[in-house]
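Data first, discussion second: the structure below is written as structure tokens.
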Amino acid sequence: MSTTELNLEALASAFEVFPSDTPASDDDRARELDAPRFGTVFTDHMVRISWSVDAGWHDRRVVKYGPLELDPASAVLHYAQEIFEGLKAYRHPDGSVWSFRPEANAARLQRSARRLALPELSTEDFLASLVALVSQDRQWVPERDGFSLYLRPFMYASEAFLGVRPSHSVEYLVIASPVGSYFADGVKPVSIWVAQDFHRAGNGGTGAAKCGGNYAASLQPQIEAYDKGCEQVAFLDAEQNTYLEELGGMNIFAVRADGTLETPKLTGTILEGITRSSILQLASDRGRKVVERRIALTELLDDIRSGDVVEVFACGTAAVITPIGSLKGDGFDVEIGGGEPGELTMALREELTGIQTGVVEDRHGWMTRLA
Ligand SMILES: Cc1ncc(COP(=O)(O)O)c(C=O)c1O
């Protein structure tokens with residue numbers, strides 16, 4: 001469904017607002033927006049919708065941000081029946097607030113819900129929940145260049161029952177945290193550790209879903225990457241330990257010397273990034289050939305060494321596009337681009353951030369106004 005067909009304000013009016021009795025002072029908020037402590041400091045409110053087998057989705061509300069009360073037997077604490085999303089609200093030059101392809105996040109949350117046996121939240125409810133929160137907390141959307149308000153919708157099994165079956169009650173929430181520029185001192189290439197003893201996802205597993213368990217499983221390999229002096233970890237396919245899949249929280253692209261862009265194809269074990277799909281579109285708009293295929297690690301390393309691959313980058317909501325400067329693993333350490341971000345990497349980054357912040361034309365109708 002096109003978001004332009006939806007009257008988001010009308011949908012958001014289904015949310016009852018219970019304003020916080022302790023909102024941040026103007027001074028405190030200004031301090032936080034000047035130097036955001038991402039993931040630590042949250043806005044004054046949060047959205048909640050409850051679900052039960054009998055009543056379906058009900059009690060749409062905007063409430064004061066604060067702790068949840070959880071029964072120790074809540075299913076999520078034992079069986080990890082939980083999913084989430086991540087997207088940003090951007091302040092445009094005229095003061096309005098927009099998000100980038102939120103209907104794609106709604107669709108991905110629905111796919112994740114199906115895989116984790118959670119109830120699907122409609123696209124209308126998802127979009128309205130963002131509008132309801134951002135309208136209430138719009139003063140928390142930073143104005144500074146490169147800054148935004150990160151939105152974290154999530155859903156968890158709240159039933160107090162120690163049985164392995166889908167929960168009969170579920171909570172959906174949205175919280176928001178201001179975020180600064182990912183590369184405050186200019187865009188710098190990162191080093192990647194390719195895990196060969198750990199995998200993120202296997203065939204038939206939950207790799208294509210955005211569920212908390214996937215990230216729990218990525219922590220030990222992430223520690224290994226830090227120990228090896230790398231900033232991020234990349235995973236290979238679990239079946240053959242051969243094909244590059246993705247990073248712990250980003251998809252990956254290679255640019256060939258002939259200008260072609262390549263990215264691992266979606267096999268059911270990779271998270272379908274919204275940044276990834278957008279880059280495929282923007283690159284083909286530029287007349288570039290784009291290829292989604294299985295990419296063997298050894299082939300990629302050979303192509304980098306021979307100069308057939310000239311740029312490698314990672315992409316995701318958090319950092320948009322991150323140049324990769326080296327790939328390391330057991331028995332290899334390969335540099336890409338001599339420590340400098342690639343030309344196409346940076347051009348795509350500028351175009352995408354320009355669309356998101358309202359300074360480059362939104363040819364594809366990707367932006368949705370939230371407030
Ligand atoms: C495992 C994983 N892959 C890829 C991505 C990139 O997805 P998106 O571009 O939608 O942020 C993310 C971030 O959400 C992720 O967690």
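Both ligands and their constituent atoms are indexed starting at 1 by order of listing.
With atom 2 (C) of ligand 1 as the reference point, the heavy atom nearest to it among K88, E246, E245, E85 is part of E246. The residue from T317, N214, L247, I279 that puts a heavy atom closest to atom 11 (O) of ligand 1 is T317.
Distances between N or O atoms of Y215 and those of ligand 1 include at least one value under 3.5 Å. Polar contact check, E272 against ligand 1: no nitrogen or oxygen pair lies under 3.5 Å apart. Some N or O of K210 is nearer than 3.5 Å to an N or O of ligand 1, by distance alone. Ligand 1 has no N or O atom lying under 3.5 Å from any N or O atom of L271, backbone or side chain.
For the 3.5 Å distance criterion, the side chains of Q110 and T123 qualify, holding a donor opposite an acceptor. Side-chain N/O atoms of S96 and W98 include a donor and acceptor closer than 3.5 Å.
Closest to atom 7 (O) of ligand 1 among all protein heavy atoms lies G273 CA, 3.3 Å. Looking only at protein heavy atoms, the nearest one to atom 9 (O) of ligand 1 is T275 OG1, 2.5 Å. Annotation: atom 5 (C) of ligand 1 to nearest protein heavy atom, G249 O, 3.5 Å.
Checking side-chain atoms of S167 against main-chain N and O of E159 turns up a donor-acceptor pair under 3.5 Å. With hydrogens and angles disregarded, no donor-acceptor distance shorter than 3.5 Å links the side chain of Q81 to the backbone of V76. In this structure, the side chain of N251 engages the main chain of G273 through a donor-acceptor pair within 3.5 Å.
Residue pairs meeting the side chain to side chain donor-acceptor pair (under 3.5 Å) criterion with at least one member in residues 55-69, sequence neighbours excluded: D21-K64, T22-K64, S50-R61, R60-D125.
Electrostatic pairing of D34 and R144 counts as a salt bridge here, judged by a charged N lying under 4.0 Å from a carboxylate O.
In this structure, G248 is part of the shell of residues with a heavy atom less than 4.0 angstrom from ligand 1. Under the 4.0 angstrom criterion for non-hydrogen atoms, R200 is in contact with ligand 1.
Aromatic pair F38/Y150: centroids less than 6.0 angstrom apart.
Residue-level proximity to ligand 1 for R108 is carried by the side chain, the only part with a heavy atom below 4.0 angstrom.
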